[in-house]
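Because the structure is a prediction, the values reported are computed rather than measured. The sequence lines fix the lettering, A, B, ..., with proteins before strands; numbering per chain opens at 1.
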Amino acid sequence: MKIQIKIYINGKRSILEVKEGTVLKEILTNLDSSLLDKYAGAWSEDRFVDFYETINKEGEYYLIQFDDPRALPAMWHTTSHIMAQAVKRLYNVNLAIGPSIEEGFYYDMEKDEPFTDEDLSAISREMERIIESNYEIEHSMIPKEEAKNLFSDNKFKLELVNEIEDDSVSIYKQDEFFDLCRGPHLLSTGKVKAFKLLSVSGSYWRGDEIRESLQRIYGISYPDNKTLDEYLYRYEEAKKRDHRKLGKSLDLFKIYEDTGPGLVLWHPKGTIIREIISNYWREEHIKRGYQLVTTPHIAKADLWKKTGHFEYYREKMYIFEIDGVEYVVKPMNCPNHILIYKNKIRSYRDLPIRLAELGTVYRNERSGVLHGMLRVRGFTIDDGHIFCREDQVSSEIGDSVDFAFDIIKTFGYENFVVQLSVRDPEHKEQYAGSDKEWENAEASLIKALYERGIEYIKEEGEAVFYGPKIDISMKDILGRKWQGPTIQFDFNLPRRLGLTYIGEDGKEHMIYMIHRALLGSMERFVGGLIEHYNGNFPAWLAPIHIRILTVTDEGNEFAEEIHKKLSEEGLRTELDLRNEQLSKKIRDAETEKIPYMFIIGRREVKSGTLSVRHHQEGDIGSFKLEEITSRLKEEIKQRR
RNA sequence: GCCCAUGUAGCUCAGUAGGUAGAGCACAUCCUUGGUAAGGAUGAGGUCACCGGUUCAAAUCCGGUCGUGGGCUCCA
């Protein structure tokens, strides 16, 4: 049977009559075989299809080139096969799975000895050979029974084959290598122009630690060397910006072995940053009608039994005993805020009530997941809880979204990814709350995003059981995503703890409760901020604003005078009167990423001015004290 | 928690076939008073993560513990 398909090549449309069941590759070969060299695959119905695609129905196919971000996963997947082929040629391994990932690919393999750096080099060399050989990649569908024979020596592949529901399975083959694989793939191994194997690590078959322990090699590839180099530059740059490294060299914080893993000690300079953020946070909350509260670090276990946390969250809680009574170190702040809400009978006139706290909590995270300040066991959440009526939900959500963006934009984040997590429509029964509540809540979340023209990704089934939520992540300069604000409904706690208010009708009504955190945790937020700014904090956040450097000791007296004046004006200043050369003092201040350096030598003493150097701009000229301080103060005020 | 790697002066790291440790930076003292990213000399500083074992002898070999890193996994 003939069907009609439309192929778009560089915006130009070709309408073709083809036989049903024809492979896209054949169609293109007939049309113009050079297309197979220029394009990587096609975009059709919101997904990437490779040229092995069998055309079974009418449709539109937009050919896309190798460097199109939508085509890169095919290249990565192909590179992972090339790598697996190379590994099979060199070692005795059992292949598990090797998908493309967000950036790059990996392959999990079972091998007795771990891979070394030398192994990686050898594998890379073999991969080069495979690429040079430019093996044609073939695709075929084979009966399941045949596949079982083909993979009879590989328990992993067999397990996968057995789980496939169709009668036939998809196989990709290049030279002697073949693999069970859904694709997509490129047409030949030579299409991969530049690749790099990045790291080796352990993993488990199916991510299950009870099952076979595997070895994973990660890699990346691109259609040209330039793009690969750009990626590698970003990769290296990210390593250099590591907040653990900068936290140490800038003396911001440290995790001490004596204190314990996942517990951060904020040094004086880190604490300045934290305090500035906290103060800003408090001011903004008060401005926006929040009431600040403070609640203790420990509470009776009974409280957590009432909320249900004790049952579900127990292994993450630190539990201990006082006078024979069980206590818990708080892993979250909400129960305490709820107690404050419940302390009085609330009228509909009192609502909304917004409570907020920079509340420090402790969670027993598994040792293997701890990571610098980004994943810790003790951290301060900027926790807020809104208690409101149904008719207030929409404006409260809208305000929270605005608030969230206002805050994070202040820290120089400009690109965001917004995710809306809603119920799994297939399993509505596993969620707390009524249909009506879910519908209202989702509608208000969507409305808030829509009215603000915010693009978002809707994830069905990603909501936690107690309510729908919006998660905002920030993208930093290197394009990395950082978890940011979250706004979540909670239909569970109000029910369990009986959170009500007295309505206009004199009756009790269930409250709507919204959890929201804007920074997330202070630790993770500042950790991310360190990497985002690469330690070059804008003046308002910089632990030290100015370092005063003297050229010789003739400047000491004047320098001390300036230092005193600046300190009196609330500017954070340090003096460097060491008997060192100016260039040395500059180097030290530059290394410490201090935004301003005031240089005082004989000339300045004589004229009463200051020679000013900016951390990132170099020498910016001579200024009168008032001139430069007002500039700096303005910069701080503007939070630039 | 699991797999793999790793743990030497405040920091970054060297230490090659087991014979009780080195460098650079930082620090201290002295010399140098030098104008926009490292002036010079001298010196102090380490129970080589911890515990145990093998050995005449352990930073080095073996076992265990703890920490850290890369992953897996988890995230009410």
Engineer: Given atom CG of Asn333(A) and atom P of A76(B), what is their separation to the nearest angstrom?
Structural biologist: 16 Å
Engineer: Counting heavy atoms from C-beta on, name the nucleotide in G70(B), A76(B), A37(B) closest to the side chain of Arg244(A).
Structural biologist: G70(B)
Engineer: Using side-chain contact (heavy atoms from CB on, under 4.5 Å) as the criterion, list what pairs up with Ser607(A), not counting sequence neighbours.
Structural biologist: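 Checked Ser607(A) against side-chain contact (heavy atoms from CB on, under 4.5 Å); matches are Thr609(A).
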Engineer: Provide the Watson-Crick or G-U wobble partner of U68(B), both distances under 3.5 Å; none if there is no partner.
Structural biologist: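 Pairing partner, where one exists within any strand: A5(B).
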Engineer: Nearest to the side chain of Ser611(A), heavy atoms from C-beta on, is which of U36(B), A76(B), G67(B)?
Structural biologist: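 The answer is U36(B), which lies nearest to the side chain.
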Engineer: Any salt bridge linking Asp588(A) with Arg578(A)? Criterion: basic side-chain nitrogen under 4.0 Å from a carboxylate oxygen.
Structural biologist: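 Yes, Asp588(A) and Arg578(A) are salt-bridged.
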Engineer: Sort out the partner of C30(B) for me: Watson-Crick or G-U wobble, both distances under 3.5 Å, none otherwise.
Structural biologist: G40(B)
Engineer: Pairs under 3.5 angstrom, nitrogen or oxygen only, protein versus nucleotides 73-75 of chain B, please.
Structural biologist:
{"residue": "U73(B)", "atom": "O2", "partner": "Arg366(A)", "partner atom": "NH1", "Å": "3.3"}
{"residue": "C74(B)", "atom": "O2", "partner": "Arg375(A)", "partner atom": "NH2", "Å": "3.2"}

Engineer: Among A76(B), U12(B), G35(B), find the nucleotide with the atom closest to the side chain of Arg602(A).
Structural biologist: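 Minimum distance to the Arg602(A) side chain belongs to G35(B).
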Engineer: Please give the nucleotide sitting opposite G45(B) as a Watson-Crick or G-U wobble pair, both distances under 3.5 Å, or none.
Structural biologist: none
Engineer: Within the 4.0 Å heavy-atom criterion, would you say Phe465(A) contacts the bases, only the backbone, or no part of the nucleic acid?
Structural biologist: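 Answer is base: heavy atoms of Phe465(A) come under 4.0 Å of a base.
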Engineer: Counting any heavy atom closer than 4.0 Å, what does Met332(A) reach on the DNA or RNA strands: base, sugar-phosphate only, or nothing?
Structural biologist: sugar-phosphate
Engineer: Side-chain N or O of Lys585(A) versus OP1/OP2 of A38(B): is the shortest distance under 4.0 Å?
Structural biologist: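 No, because none of the side-chain N or O atoms of Lys585(A) sits under 4.0 Å from OP1 or OP2 of A38(B).
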Engineer: If you only use heavy atoms from C-beta on, which nucleotide in C72(B), U36(B), A76(B) is closest to the side chain of Asp619(A)?
Structural biologist: U36(B)
Engineer: Name the pairing partner of C75(B), where a pair is Watson-Crick or G-U wobble with both distances under 3.5 Å, or state none.
Structural biologist: none
Engineer: How many whole angstroms separate atom NZ of Lys111(A) from atom C1' of C4(B)?
Structural biologist: 12 Å
Engineer: Between Glu236(A) and Lys196(A), does a salt bridge (Lys or Arg N to Asp or Glu O under 4.0 Å) hold up when you go through it step by step?
Structural biologist: CA-CA 13 Å; Glu236(A) 289 306 315; Lys196(A) 169 109 178 140; over 6 Å; no
Engineer: Any protein N or O atoms within reach of nucleotides 23-31 of chain B? Criterion: under 3.5 Å, listing atom names and distances.
Structural biologist:
{"residue": "A26(B)", "atom": "OP1", "partner": "Lys584(A)", "partner atom": "NZ", "Å": "2.3"}

Engineer: Do Glu604(A) and G35(B) have a side chain to base donor-acceptor pair shorter than 3.5 Å?
Structural biologist: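 Side chain to base: pair present.
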Engineer: Using a strict threshold of under 4.0 Å (side-chain N to carboxylate O), is an ion pair present between Arg423(A) and Asp435(A)?
Structural biologist: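 Yes, charged N to carboxylate O under 4.0 Å.
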Engineer: Could you tell me if the side chain of Phe105(A) sits less than 4.5 Å from the side chain of Pro99(A), heavy atoms only?
Structural biologist: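 Not touching, per the 4.5 Å side-chain cut-off.
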Engineer: Assert yes or no for the condition that the ring centre distance of Tyr362(A) to Tyr318(A) is strictly below 6.0 Å.
Structural biologist: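 For Tyr362(A) and Tyr318(A), the ring centres are not under 6.0 Å apart.
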Engineer: Can we say Arg206(A) and Glu163(A) salt-bridge, meaning some charged N sits less than 4.0 Å from an Asp/Glu carboxylate O?
Structural biologist: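 Counted as a salt bridge, because a side-chain N and a carboxylate O are separated by less than 4.0 Å.
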Engineer: Go through the steps for Glu531(A) and His243(A) under the test side-chain hydrogen bond (donor to acceptor under 3.5 Å, both in side chains), then give the verdict.
Structural biologist: CA-CA 6 Å; Glu531(A) 302 203 8; His243(A) 73 284; 2.8 Å; yes
Engineer: In whole Å, what separates the P atom of A17(B) from that of C75(B)?
Structural biologist: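 Nearest-Å result for A17(B) against C75(B) at atom P: 48 Å.
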Engineer: State whether Glu574(A) and Arg547(A) are salt-bridged, where the test is any N-O pair (Lys NZ or Arg NE/NH1/NH2 against Asp/Glu carboxylate O) under 4.0 Å.
Structural biologist: yes
Engineer: Counting only heavy atoms and a strict 4.0 angstrom limit, can you tell me which residues of residues 422-434 of chain A come near RNA chain B?
Structural biologist: none
Engineer: How about His615(A) and Tyr596(A): are their ring centres within less than 6.0 Å of each other?
Structural biologist: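 No, the ring centres sit 6.0 Å or more apart.
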Engineer: Do Lys240(A) and Glu237(A) pass the salt bridge (Lys or Arg N to Asp or Glu O under 4.0 Å) test, and can you show the C-alpha distance, the side-chain angles, and the key distance before you say yes or no?
Structural biologist: CA-CA 5 Å; Lys240(A) 270 191 257 166; Glu237(A) 195 57 23; 3.3 Å; yes
Engineer: U68(B) phosphate, OP1 or OP2: any side-chain N/O from Tyr256(A) under 4.0 angstrom?
Structural biologist: no
Engineer: Could you check whether Glu159(A) and Trp205(A), counting side-chain N and O atoms only, form a donor-acceptor pair closer than 3.5 Å?
Structural biologist: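 Present: a donor and an acceptor within the cut-off.
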Engineer: Would you mind pulling out the nucleotide paired to G35(B), Watson-Crick or G-U wobble, both distances under 3.5 Å?
Structural biologist: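 Result: none.
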Engineer: Answer whether the closest heavy-atom distance between the side chains of Glu365(A) and Lys316(A) falls below 4.5 Å.
Structural biologist: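 They are in side-chain contact.
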Engineer: Under 4.0 Å, counting only non-hydrogen atoms across every strand here, what does Ser583(A) touch: a base, just sugar-phosphate, or nothing?
Structural biologist: sugar-phosphate
Engineer: For the pair Asn556(A) (side chain) and Leu577(A) (backbone), establish whether a donor and an acceptor sit closer than 3.5 Å, ignoring hydrogens and angles.
Structural biologist: no
Engineer: Donor-acceptor check, side chain of Asp424(A) to backbone of Glu460(A), threshold 3.5 angstrom: yes or no?
Structural biologist: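 Not at all, since once roles are kept as given, no pair shorter than 3.5 Å links the two residues.
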Engineer: Polar atoms only, N or O, under 3.5 Å: list the protein pairs with nucleotides 43-49 of chain B and their distances.
Structural biologist:
none

Engineer: Which part of the nucleic acid, if any, lies within contact of Gly372(A), taking any heavy atom under 4.0 Å across all strands shown: a base, the sugar-phosphate backbone alone, or nothing?
Structural biologist: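 The answer is sugar-phosphate, as Gly372(A) gets under 4.0 Å only of primed atoms, P, OP1 or OP2.
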Engineer: Given G70(B), is OP1 or OP2 found less than 4.0 Å from the side-chain N or O atoms of His371(A)?
Structural biologist: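 Yes, within the criterion.
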Engineer: Rounded to the nearest angstrom, tell me the gap between atom CD in Glu617(A) and atom C1' in U36(B).
Structural biologist: 14 Å
Engineer: Would you say the side chain of His385(A) lies within less than 4.5 Å of the side chain of Met513(A), judging by non-hydrogen atoms?
Structural biologist: yes
Engineer: Residues of residues 551-560 of chain A with any non-hydrogen atom less than 4.0 angstrom from an atom of RNA chain B: list those, numerically ordered, please.
Structural biologist: Val551(A), Thr552(A), Asp553(A)
Engineer: What do you reckon, are the aromatic ring centroids of Trp438(A) and Phe491(A) less than 6.0 Å apart?
Structural biologist: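 Between Trp438(A) and Phe491(A), the centre distance is under 6.0 Å.
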Engineer: Using Watson-Crick or G-U wobble geometry with both distances below 3.5 Å, tell me the partner of A59(B), or none.
Structural biologist: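 Pairing partner, where one exists within any strand: none, as none qualifies.
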Engineer: In the strands shown, is G24(B) matched to any nucleotide by a Watson-Crick or G-U wobble pair with both distances under 3.5 Å, and which?
Structural biologist: C11(B)
Engineer: Rounding to the closest angstrom, what is the interatomic distance between G10(B) and G53(B) at atom C1'?
Structural biologist: 33 Å
